[in-house]
Amino acid sequence: MKYFDSHIHMLARTTDDYENMAAAGIVGLVEPAFWLGQPRTQPGTFVDYFDSLVGWERFRASQFGIKHYCTIGLNPKESNDIPLAEAVMKLIPRYCEKDGVVAVGEIGYDDISDSEERFFAEQLQIAKDMNLPALVHTPHRDKKRGTERTIALVREVGIPEELVLIDHLNEVTLPLVLETNCWRGHSVYPSTKMSEERMVALLKQYGLEKMVVNSAADWGKSDPLKVPKTGHAMKAAGFSDDDIEKVLFYNPINYYAQSGKISVEEVAPVKIDQTQLFEENSVLRGQEPVVD
Amino acid sequence: MSDYFSTLLGAIDQVATSEQQQWLKETLANLEDSQDLDSDLLLFITRARRFVGHSLLDSNADAISTAVGDLQLQSWEAGNAARVALLLKALLLQPARQEAIVTNAYRMGDESEKTALIAGIALYADDDRYKGLALDSGRTNSLILFQALATNNPYPPAYYSEAEFNQLVLKSLFMGVNTEHILGLTNRVNKELSRMCEDYYDERVAAQRSVPADIWLSITPYASEHGFEIMTKALSDEDREHRYYAAMAANRYRPQSADLNSTIKSRLDQENDEHINKLLSSFLNN
């Protein structure tokens, strides 16, 4: 069984996680640009961060057999620092042109403020103009209202709904997105967001079409193996292997494939060669290099 | 502001050792002589907690009456109070550069430094010019920084818009910060906030997760029919905290309802908790 994690923040994870993910069958992932845990204060730190997503992190993943893609965007929290946000917005179109950047994201609302809405709309417009998918984060608080406003803004900007994946959905917000042609993302966490059991219940109730599951693992209490664990829960609940691969491999790749920069055929396990260097840096710290 | 400064120094002196007091006195003098106030202020703020210490200000320390409301000092550490005193001193030395000094001190501060400055924001902000910094501090994942903003702080209820205040309350519930300590909640609660909290309740129940007991303080005043139903049920919840806060909310906001009256009357016969009984009796007697 092979898996694809559509939303995971590997910058915050260790090489143990990469090894465990590869061993569990994860062959590819998408790492969205996001909030680092405390605010950035300079546009330059965004440049360095975006560079690491398309550079070092992609290399680091390959050293453990995983294909790494990313999304680029200004996250909602940092949209409230308007001078900074305006400077970062100028960077986004160029980074979105780069290889392996499969969507604009993760964008959306956090406090549902006016400035968040401004930059959310501008980034939806960028995605529309560049014919790229848009990965949308629904807020942790006032989630239902945030999801309603997200759908309204998607329609107002006029980006094709099929290009939009609305993520972090739950029992209350999924029905709202099912009324649209947007893709339906769910993040499975140890103690917050969704659980495997609740995810299985939603899949049984609403079917598999455009349903996407991810771990959204980051610097907080999260688990980068939640996608394969959801697969096991689906199996235990009676879903077929085809159903499991549909939700946990084909759906996310087909969603991002609308960018033209990823395909099912391309997402095969990477041959590991730990003798390789990235800008003269190695992931090794004294170990023997693994070479497939 | 000079009155606030003097009161703060007095409160620090009550709990600081003679060495700690001496350090602060000398450092304030160094600030007066500084050739680079911004840099020195940052350095002294960083040092203050280490050199003035962690003793809590006296529980009998007077609240400082600010333009936006009373600021209680009892939960403040002496070192953090010293940080605020240093900032006030800098502002008194260069009043024309107040905004630049405050913004720089906040932006360059680490978590604990920002926490001290935000806790004392009412001492240097008598209008909304620093609301941006307050809102910025509220976006944090740091519990101590968020608590410093949200609880026992007269600034947000004075200057936040309805939407901003509502997000502050909702985030408090989200982070497990007791909304009973949000100053001005009773006056600022509104229909939209009640709606947001009802939605949050439903989301938590759908996820089979616990609901923060103090949510009733925000649901009750403008509860929908559904909100009223769940609040009334909370009066009989097996969790004592839910019963307590539902009773507190009923007593505080006094929603008019014959059903509520009869529910509370029958609860009085069954409730064992003395504090809850007092609240229920108070509701019925007024």
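To find a chain, count down the sequence lines: A is the first, B the second, and so on, and within it residues start at 1.
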Most chain A-contacting option - heavy-atom pairs closer than 4.5 Å, from B/Arg107, B/Gln208, B/Lys171:
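Maximum pair count with chain A is reached by B/Lys171.
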Between B/Asp202, B/Leu173, B/Leu170, the one whose heavy-atom pairs under 4.5 Å with chain A are most numerous:
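Most heavy-atom pairs within the cutoff with chain A belong to B/Leu170.
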Mind checking whether B/His242 and B/Trp216 have parallel, tilted or perpendicular rings, split at 30° and 60°?
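B/His242 vs B/Trp216 ring planes: perpendicular.
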Mind checking whether A/His7 and A/His168 have parallel, tilted or perpendicular rings, split at 30° and 60°?
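Answer is tilted, since the angle falls between 30° and 60°.
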Counting heavy-atom pairs under 4.5 Å with chain B, which one of A/Met194, A/Lys143, A/Lys144 comes out on top?
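Answer, by heavy-atom pair count under 4.5 Å with chain B: A/Lys143.
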Going by atom types alone, do A/Arg155 and A/Thr180 pair a side-chain donor with an acceptor below 3.5 Å?
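Their side chains do not contain a donor-acceptor pair, so the 3.5 Å distance test is not met.
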Indicate whether the side chain of A/Glu57 and that of A/His9 have a donor and an acceptor atom separated by less than 3.5 Å.
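Short answer, no.
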Sort [X] into side chain, backbone, both or neither according to what part of it lies under 4.5 angstrom from a heavy atom of chain A.
| X | answer |
| --- | --- |
| B/Glu198 | neither |
| B/Ala163 | neither |
| B/Arg139 | both |
| B/Tyr200 | neither |

Could you tell me whether B/Arg240 sits above the aromatic face of B/Tyr244, with NZ or CZ closer than 6.0 angstrom to the six-membered ring centre and within 45 degrees of the axis?
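B/Arg240 over B/Tyr244 ring: yes.
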Could you look at A/Arg141 and say if it's the side chain, the backbone, both or neither that has a heavy atom under 4.5 Å from chain B?
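For A/Arg141, the contact with chain B is made by backbone and side chain together.
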Considering only heavy atoms, which portion of A/Ser191 lies under 4.5 Å from any heavy atom of chain B: side chain, backbone, both, or neither?
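The backbone, not the side chain.
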Indicate yes or no: does A/Arg40 engage A/Glu78 in a salt bridge with an N to O separation below 4.0 Å.
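Yes, A/Arg40 and A/Glu78 are salt-bridged.
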